[in-house]
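What follows is a set of notes on a single structure, which appears directly below.
Both ligands and their constituent atoms are indexed starting at 1 by order of listing. For reference, positions follow the sequence shown, starting with 1.
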Amino acid sequence: MATKLTWYGHATLGLETGGYCLLVDPFFSGNPAAAITATQAAADYILITHGHGDHVGDTVAIAKRTGAIAISNFEIANWLEKQGVEVHAQHLGGGFKHPFGYLKLTLALHGSALPDGTYGGNPAGFLLTTNDGKKIYLAGDTGLFGDMKLIGEEGLDLAVIPIGDNFTMGPDDALRAVKFLQPKHVIPIHFNTFGLISQDAEAWSKQVHAATGTQVHILKPGESYTLA
Ligand code: NI
Ligand code: MN
């Protein structure tokens with residue numbers, strides 16, 4: 001049972017695992033890098049790392065169209081529920097066994113205000129243990145933090161981390177993050193959406209390969225990587 005990850009541009013990901021379709025940070029409308037439109041996106045569950053507009057994105061419209069359950073921190077889940085979305089609230093450090101796997105919310109160093117100014121709680125990352133035991137860490141928007149070492153101790157098969165700089169880790173700190181996390185595979189995201197976060201992912205990949213045992217997979221928006 002493989003898990004297929006598709007990068008739709010910016011921080012938007014699709015994960016197909018165990019027959020379930022997960023959509024992460026579904027930012028399609030207004031996303032210059034988006035590979036598909038919000039109306040084309042499939043989802044059984046929508047995972048939202050934090051409240052910023054480029055992450056909450058099209059959650060409400062997609063959830064209402066697909067009937068997907070939104071999973072996020074308590075504050076964001078409440079905000080979505082008030083708009084008619086079915087939700088499952090969790091919080092930092094807390095895990096839950098969903099039908100698609102065990103999902104834990106991890107720390108992230110960032111902000112989380114919602115688009116209308118509502119308090120969005122603390123930002124998060126996700127640590128997913130798939131039903132076949134694969135560990136996938138989605139860092140969300142974050143700066144480098146030392147407790148990534150603790151996340152790495154879980155034994156990661158795949159990490160998806162930002163490298164765009166300015167709003168999140170840049171390439172140098174993302175390399176240090178790979179050293180802390182020690183994943184078997186890493187995919188860089190949250191770069192090249194717009195000029196402020198343009199990065200040379202190929203150059204970063206060479207640095208990671210020279211300094212660590214981690215395999216880098218650079219996707220273009222719309223491309224997939226399958227974790228077997
Ligand atoms: Ni953000
Ligand atoms: Mn962002």
Pull up every protein N/O/S atom sitting under 2.8 Å from the Ni ion (ligand 1), skipping waters. H50 NE2, H52 ND1, H110 NE2, D141 OD2
Ring-plane angle category for H10 and H55, please: parallel below 30°, perpendicular beyond 60°, tilted otherwise. tilted
Aromatic ring pairing H98/F100, orientation class (parallel under 30°, perpendicular over 60°, tilted between): parallel
N/O/S atom of H55 inside 2.8 Å of the Mn ion (ligand 2), strictly under: yes
If I take every N, O or S atom of H50, is at least one of them less than 2.8 Å from the Mn ion (ligand 2)? no
Any idea which heavy atoms bring [X] and [Y] closest together, and the distance?
X	Y	result
A41	T66	O-CG2, 4.1 Å
S29	D58	OG-OD1, 2.7 Å
W204	L175	NE1-N, 3.6 Å

Check D54 and report its N/O/S atom nearest to the Mn ion (ligand 2), by atom name. OD2
What atom name does the N, O or S atom of D141 nearest to the Mn ion (ligand 2) carry? OD2
Indicate yes or no: does D157 engage K184 in a salt bridge with an N to O separation below 4.0 Å. yes
Spell out, as yes or no, whether a donor-acceptor pair under 3.5 Å connects the side chain of T49 to the backbone of G140. no
For the pair W7 (side chain) and P221 (backbone), establish whether a donor and an acceptor sit closer than 3.5 Å, ignoring hydrogens and angles. no
